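Count residues from 1 along the sequence. Nothing here was measured: the structure is a model prediction, and the numbers come from that model.
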Amino acid sequence: MRNRKQRLLVAGSVMVVLSVGIAGCGAAKTSTSASSAKTITWFVRTQPAENKWEHTMIQQYEHLHPNIRISLIVVPHSEFDTKLDALFASGNPPDLFNHWGVDGFADYYAKAMIQPLTPYLKRYHFNIHQIPANVLSFVKKKGQYYGIPVTTAPMFIVYNKTLFAEHHLPFPPTSWNDKAWNYATFMHDVKILTTNVNNPNKETWGFSPWGYSWQPSWAYSWLWNGDPFRAKGGRTNESAYQTGIIKHADAAVNPGVVTAMNWINGMIKKKEAPVPTQAVYSGATDPMMSGRIGMEGDIIAWLVLAKSVHPLFKWGIAPLPWMSSTQPAGPRFTDVWMLAKGAPHPNATFQFMEFISSGKGLNEYIQDTDRLPVIPSAQHLTWSVISKTPGFSMSVSGLKQVILGGIKHSHESPNHTLVNFPQWYKVWHEETQAIWDGSSGVIPALKKVDSAWRAMIQSRVQ
């Protein structure tokens, strides 16, 4: 690509701004003067596959729309929110961005950084309802849509089929409605898959709770219809995830939370699950990649990772087990494009957003990144990629059943739905570490979580 690079200084930090043109399209470009062109600023993270796609999209779109220029700002994940906030504070916010930093959709909405898309959806006839309703719900506020979800990643169980076969264990089902895949069955398999626990060179663990992106770990309580933000009941009953505002801290008294944390702690004590520091072998990027883990809770990012890591074992994926009478549900991580409030060219920006969120633009994104699109008509591209991943050992129909069932039986991740999620998570992570290293019991640690959270609520940290 022939790129023209500029430097933009923001809050003392340097960001790369790219305005991409196409060689060979000079006639079309010269017909539009620089002064009459509309410039759209696109704020993204540093990620090679995505950046490649972004450059392609800019070239294609500017070729189709000679009066539009796309200015691309690329920043590392670690600097995403700092730089984004700096741009807004300077009065020059980017027009288009995703929640690719630590903050999530709820933060951007709460800080009035984004504007409703409903008028543009109607004006340009974008069919927002081609996206599953449960995936779409978290971007709808007061009857208005504030973003276009593009890809999603529900939670499921990855299992080592090689280890299962060695122990003559039946493979897990692919249906989320199969109640034979329950606590008793799951824990039976965990026990059998745990071997050589006193030999670090040969040990295998039945289950790792520290899988790729299963955070926060309080989401395990959803399997027991629990949640730390109410005394009774679980995720579907807690208004905090709808409003983004936490008003109650009841981790130590919510039965589902206590049961889930005791479950993890029990496996660690029995050496059926590793503590976080034991979970990685020989520099494995994720515990499951080591081949020493029987099962792990993961998202589709693990499958993308497997494509480059080349795990040396056969693997499959399964639904979350029925730990209680409640339909199993885990977190779902959805990426969403948002339009900045105050964008100088909102109509032009929305049209570009539509271009990259559907049709050929979306298809090329999936082909370049191997993600799972929320629009069903584009999902065949993902099935094709995953089925060719090293170690893949199940039917494509089973793969689809697990992942699509995961989309149906999941809730949007707290880091996208809670305001100031990093602060709440920091307390949870620090206090629950004492459970896993054996320095605290479950209830005392959860009481410390509640105490710190209640102080945050009292201080109106939100």
K.L.:
Any idea how Trp315 and Trp302 line up, ring-wise: parallel (<30°), tilted (30 to 60°), or perpendicular (>60°)?
P.N.:
perpendicular
K.L.:
Give a yes or no answer on whether the side chain of Arg45 reaches the backbone of Asn98 with a donor-acceptor pair at less than 3.5 Å.
P.N.:
no
K.L.:
Would you call the rings of Trp263 and Phe207 parallel, tilted or perpendicular if under 30° counts as parallel and over 60° as perpendicular?
P.N.:
tilted
K.L.:
Have Asp95 and Trp42 got a donor and an acceptor in their side chains that come within less than 3.5 Å?
P.N.:
no
K.L.:
Indicate whether any N or O donor in one side chain lies under 3.5 Å from an N or O acceptor in the other, for Thr41 and Ser71.
P.N.:
no
K.L.:
Picking from Phe105, Phe43, Trp100, what satisfies ring-ring contact (aromatic ring centres under 6.0 Å, His included) with Trp337?
P.N.:
Trp100
K.L.:
Tell me if the aromatic rings of Trp205 and Trp210 count as close, with their centers under 6.0 Å from one another.
P.N.:
no
K.L.:
Does a side chain donor of either Tyr108 or Asp81 reach within less than 3.5 Å of an acceptor in the other side chain?
P.N.:
yes
K.L.:
Can you confirm whether Asp370 sits close enough to Thr382 that some side-chain heavy atom of one is under 4.5 Å from a side-chain heavy atom of the other?
P.N.:
no
K.L.:
Does any donor atom in the side chain of Thr432 or Trp218 lie under 3.5 Å from an acceptor atom in the other side chain?
P.N.:
no
K.L.:
Are the charged groups of Arg371 and Glu50 less than 4.0 angstrom apart, N to O?
P.N.:
yes
K.L.:
Hey, does the side chain of Asn254 reach the backbone of Ala251 with a donor-acceptor pair shorter than 3.5 angstrom?
P.N.:
no
K.L.:
Any side-chain donor-acceptor pair under 3.5 Å between Asp189 and Tyr159?
P.N.:
no
K.L.:
Would you compute the distance between atom NZ of Lys400 and atom OG of Ser395 and round it to the nearest 0.5 angstrom?
P.N.:
10.0 Å
K.L.:
Has Lys191 got more than 12 heavy atoms of other residues, nucleotides or ligands less than 6.0 Å from its NZ?
P.N.:
no
K.L.:
Is any side-chain heavy atom of Met113 less than 4.5 Å from a side-chain heavy atom of Leu84?
P.N.:
yes
K.L.:
How long is the gap from CG on Leu121 to CD on Glu354, to the nearest 0.5 Å?
P.N.:
8.5 Å
K.L.:
Between Asp250 and Arg230, does any NZ, NE, NH1 or NH2 come within less than 4.0 Å of an OD or OE carboxylate oxygen?
P.N.:
no
K.L.:
Kindly give the heavy-atom pair with the smallest separation between Ile268 and Val275, and that separation in Å.
P.N.:
CG2-CG1, 3.4 Å
K.L.:
I need the minimum non-hydrogen distance between Phe164 and Gly294, along with the two atoms involved.
P.N.:
CE1-O, 3.9 Å
K.L.:
I need the His416 NE2 to His411 NE2 distance, nearest 0.5 Å.
P.N.:
16.0 Å
K.L.:
Do Leu117 and Tyr146 have side-chain heavy atoms sitting under 4.5 Å apart?
P.N.:
no
K.L.:
Have a look at Val150 and tell me which of Val336, Leu362, Val374, Ile131 forms a side chain to side chain contact (heavy atoms under 4.5 Å, CB included) with it.
P.N.:
Leu362
K.L.:
When you measure from the side chain of Thr82 to the backbone N and O of Glu79, does any donor-acceptor pair fall under 3.5 Å?
P.N.:
no
K.L.:
Checking the side chain of Tyr220 only, and the main-chain atoms of Pro209 only, is there a donor and an acceptor separated by less than 3.5 Å?
P.N.:
yes
K.L.:
Begin from the C-alpha positions of Ile317 and Leu303 and carry the test side chain to side chain contact (heavy atoms under 4.5 Å, CB included) through to its verdict.
P.N.:
CA-CA 10 Å; Ile317 66 172; Leu303 310 182; 4.2 Å; yes
K.L.:
Starting at NZ of Lys426, measure out to CD of Glu430 and round the result to the nearest 0.5 Å.
P.N.:
3.5 Å
K.L.:
Would you find a donor on one side and an acceptor on the other, under 3.5 Å apart, between the side chain of Thr56 and the backbone of Lys52?
P.N.:
yes
K.L.:
Is Asn420 close to Tyr425 at the side-chain level, that is, under 4.5 Å between some pair of heavy atoms?
P.N.:
no
K.L.:
Apply the test side chain to side chain contact (heavy atoms under 4.5 Å, CB included) to residues Leu193 and Leu169: give CA-CA distance (whole Å), side-chain angles for both, the deciding distance (0.1 Å), then the verdict.
P.N.:
CA-CA 9 Å; Leu193 291 164; Leu169 289 171; 3.8 Å; yes
K.L.:
Ignoring hydrogens and geometry, is there a side-chain-to-backbone donor-acceptor pair from Glu272 to Thr194 under 3.5 Å?
P.N.:
no
K.L.:
Given Asn160 and Arg292, is the side chain to side chain contact (heavy atoms under 4.5 Å, CB included) satisfied, shown in steps?
P.N.:
CA-CA 9 Å; Asn160 186 324; Arg292 308 278 290 276; over 6 Å; no
K.L.:
So if I apply the side-chain hydrogen bond (donor to acceptor under 3.5 Å, both in side chains) rule between Glu412 and each of Thr334, Thr152, Thr417, which one comes out positive?
P.N.:
Thr334
K.L.:
Check the pair Thr185 / Asn182 against side chain to side chain donor-acceptor pair (under 3.5 Å), numbers first and verdict last.
P.N.:
CA-CA 5 Å; Thr185 305; Asn182 53 31; 3.0 Å; yes
K.L.:
Check step by step if side chain to side chain contact (heavy atoms under 4.5 Å, CB included) holds for Gln60 and Met57.
P.N.:
CA-CA 5 Å; Gln60 291 182 5; Met57 290 298 98; 3.5 Å; yes
K.L.:
Specify the closest pair of heavy atoms between Ser387 and Val396, including all atoms of both residues, with the distance to one decimal.
P.N.:
CB-CG2, 3.9 Å
K.L.:
Look only at the side chain of Trp181 and the backbone of Pro319, and say whether a donor-acceptor pair between them is shorter than 3.5 Å.
P.N.:
yes
K.L.:
Please answer whether the main-chain N or O of Lys447 pairs with a side-chain N or O of Ser451 as donor and acceptor at a distance below 3.5 Å.
P.N.:
no
K.L.:
Hey, is NE2 on His188 packed in by over 12 heavy atoms from elsewhere, all under 6.0 Å?
P.N.:
no
K.L.:
How about Trp176 and Lys408: do any of their side-chain heavy atoms sit closer than 4.5 Å?
P.N.:
no
K.L.:
Is there a donor-acceptor pair under 3.5 Å between the side chain of Asn225 and the backbone N or O of Gly234?
P.N.:
yes
K.L.:
Does the side chain of Ser324 come within less than 4.5 Å of Tyr183's, by heavy atoms?
P.N.:
no
K.L.:
Within a reach of under 6.0 Å around NZ of Lys141, are more than 12 heavy atoms found that belong to other residues, nucleotides or ligands?
P.N.:
yes
K.L.:
Using every non-hydrogen atom in the two residues, find where Asn177 and His409 come nearest and quote the distance to one decimal.
P.N.:
OD1-NE2, 4.3 Å
K.L.:
Give, for atom CG of Asp450 and atom CD1 of Ile443, the distance between the pair rounded to the nearest 0.5 Å.
P.N.:
9.5 Å
K.L.:
For Leu64, look at atom CG and say whether over 12 heavy atoms of other residues, nucleotides or ligands are found less than 6.0 Å away.
P.N.:
yes
K.L.:
Taking the side chain as everything from C-beta on, heavy atoms only, tell me whether Tyr365 gets closer than 4.5 Å to Ile356.
P.N.:
no
K.L.:
Could you state the interatomic distance from OG (Ser410) to CG (Leu320), rounded to the nearest 0.5 Å?
P.N.:
9.0 Å
K.L.:
Measure across Lys271 and Val197 and return the closest heavy-atom pair with its distance rounded to 0.1 Å.
P.N.:
O-CG1, 3.5 Å
K.L.:
For a 4.5 angstrom cut-off between non-hydrogen side-chain atoms, does Leu446 reach Glu431?
P.N.:
no
K.L.:
Ignoring hydrogens and angles, state whether a donor on the side chain of Thr259 or Asn262 is under 3.5 Å from an acceptor on the partner side chain.
P.N.:
no
K.L.:
Between Lys161 and Phe313, is NZ or CZ placed under 6.0 angstrom from the six-membered ring centre and within 45° of the ring axis?
P.N.:
no
K.L.:
If we ignore angles and hydrogens, is there a donor and acceptor under 3.5 Å between the side chains of Asn51 and Glu54?
P.N.:
yes
K.L.:
To check you understand the geometry: which heavy-atom pair defines the closest contact between Glu296 and Pro287, and what is its length?
P.N.:
OE2-CB, 3.1 Å
K.L.:
Is it the case that the side chain of Asp227 and the backbone of Trp222 share a donor-acceptor pair, with hydrogens and angles ignored and the cut-off at 3.5 Å?
P.N.:
no
